[in-house]
*Asks:* 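The structure follows.
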There are 2 protein chains.
Amino acid sequence: MIHIQQIRKSYRMGALSLEVLKGIDLTINEGELVSIMGPSGSGKSTLLNILGILDQYQEGEYHLAGTLMKNLSERKAAYYRNHYLGFVFQSFHLLEFKNALENVALPLYYQKVSRRRRNRQAMELLERVGLADRAQHMPNELSGGQKQRVAIARALISDPKVILADEPTGALDSQTSDQVMDLFREVNASGKTVVIVTHEAEIAAKTARTIHLRDGVVQNETHQVGA
Amino acid sequence: MIHIQQIRKSYRMGALSLEVLKGIDLTINEGELVSIMGPSGSGKSTLLNILGILDQYQEGEYHLAGTLMKNLSERKAAYYRNHYLGFVFQSFHLLEFKNALENVALPLYYQKVSRRRRNRQAMELLERVGLADRAQHMPNELSGGQKQRVAIARALISDPKVILADEPTGALDSQTSDQVMDLFREVNASGKTVVIVTHEAEIAAKTARTIHLRDGVVQNETHQVGA
Ligand SMILES: Nc1ncnc2c1ncn2[C@@H]1O[C@H](COP(=O)(O)OP(=O)(O)OP(=O)(O)O)[C@@H](O)[C@H]1O
Ligand SMILES: Nc1ncnc2c1ncn2[C@@H]1O[C@H](COP(=O)(O)OP(=O)(O)OP(=O)(O)O)[C@@H](O)[C@H]1O
Ligand SMILES: [Mg+2]
Ligand SMILES: [Mg+2]
């Protein structure tokens, strides 16, 4: 499903170039539940943004479902994102002038689903993450962990083939965190590929495989049997 | 240092009123190192914002260093904030058009400290949080955990009497997290009062006292001997 070979990525900063990904090799098969761990600043969000077709890379190749993701027009990139991917951003990126329900329903709005149906599906997901009573709140009327759960619900609503989640439990207490992991595991059990960037060992322990990133390269992998 | 009696706080939402703090009693003496835990949405950030004189409350009393914090003019509120408090926000609130160094130095700029001196102190703090090589980066050129560490450094630079930190390690890996906790403990050892809202039991375990919030009230306290 995801095949990455020798990906290099640098950021331009004026005359300087800062190399952040220094030759990443990674294969994730359809239906896997995988976590990515690594120190703050090691390149996890950068890698996830490349997987999410949200950012370019300078060298190497990224194949998503067999198609090379390189030099895509914005139209093609948007097509692949909308048809394959659900993304939970590290900083949530909710629309500030839409309430929680509208934010969650957004992907279905783009898919031209009727208002009645998309709002019903959005309500169901909000219930799954314990936010049924916050549906009408605007993002600035939500706590940090509530915004995070709205972002998670939004990433799942269009039932995408691949879910990319950047530290999805960072703002959650342990009980809510477990609730979210149950949701991800259920989605994975239905055949979806799930990739979770996390700092928390307890979260990684619930995934079958953990990729350890350090200084822009994959250092090693660990496997959790029965996860 | 901090004395809270029967604080009640509600948010207005159109015709509705949502009561979030339902009678909080809390005393924190000078020099204590205290953590606050509780479920997502239980009122922790709301309480910390009241302690930080960033938000009002409807009933009860909040005394900071013996002075009642109620119905203060913005000028007086700003005076108390600048003279007593350092605040680490859950969503960082960095200035987007200033680099990391300038963001950290900001409190000293307001205190009219010379540029040379404030930049030197800011560099020292950036080194303490492992970000010396990111001093020139703008916030949108920093990772999530790097932004968090810039916010922490900024809260500490003016050597405030009271540090209020809202989930300061939420975006950090365990090693960087330990580095930050060492910094908080060192600051506390020098006589400062430190209040840390956290979801992580390992962080709370490093504080002498943990206040457990639930549904807008203090449920109970736990004590960690030798922390
Ligand atoms: N736009 C940018 N320009 C320059 N450098 C950048 C930019 N964005 C990120 N960086 C740098 O790239 C490195 C990797 O960033 P990234 O956000 O991928 O880290 P991360 O592993 O997700 O960290 P965290 O765990 O703190 O979220 C960091 O050291 C950061 O300073
Ligand atoms: N401006 C607002 N208007 C209405 N309700 C609000 C507003 N801000 C926060 N709330 C609600 O108040 C409650 C407490 O919010 P608060 O941010 O204090 O929670 P928290 O304990 O910090 O949660 P988290 O651990 O997720 O950060 C939440 O249920 C939230 O929905
Ligand atoms: Mg990141
Ligand atoms: Mg909060």
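Heavy atoms only: backbone and side chains are in, while hydrogens, waters and symmetry mates are out. Protein chains get the first letters and strands the later ones, always in sequence-line order, with residue 1 at the start of each.
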*Asks:* Quick one: of B:Pro39, B:Gly130, B:Ala201, who has the most non-hydrogen atom pairs under 4.5 Å with chain A?
*Replies:* B:Pro39

*Asks:* Considering residues at least two apart in sequence or located in another chain, which fulfil the side-chain contact (heavy atoms from CB on, under 4.5 Å) criterion with B:Ala122?
*Replies:* B:Leu101, B:Val104, B:Ala105, B:Ile157

*Asks:* Given a strict heavy-atom distance threshold of 4.5 Å, which part of A:Leu18 is in contact with chain B: side chain, backbone, both, or neither?
*Replies:* side chain

*Asks:* So which donor and acceptor atoms of chain B and chain A come within less than 3.5 Å of each other?
*Replies:*
unit_1   : atom_1 : unit_2   : atom_2 : d
B:Ser40  : N      : A:Asp173 : OD1    : 2.7
B:Ser40  : OG     : A:Arg149 : NH2    : 2.7
B:Arg149 : NH2    : A:Ser40  : OG     : 2.7
B:Ala171 : O      : A:His199 : NE2    : 3.0
B:Asp173 : N      : A:His199 : ND1    : 3.4
B:Asp173 : OD1    : A:Ser40  : N      : 2.7
B:His199 : ND1    : A:Asp173 : N      : 3.4
B:His199 : NE2    : A:Ala171 : O      : 3.0

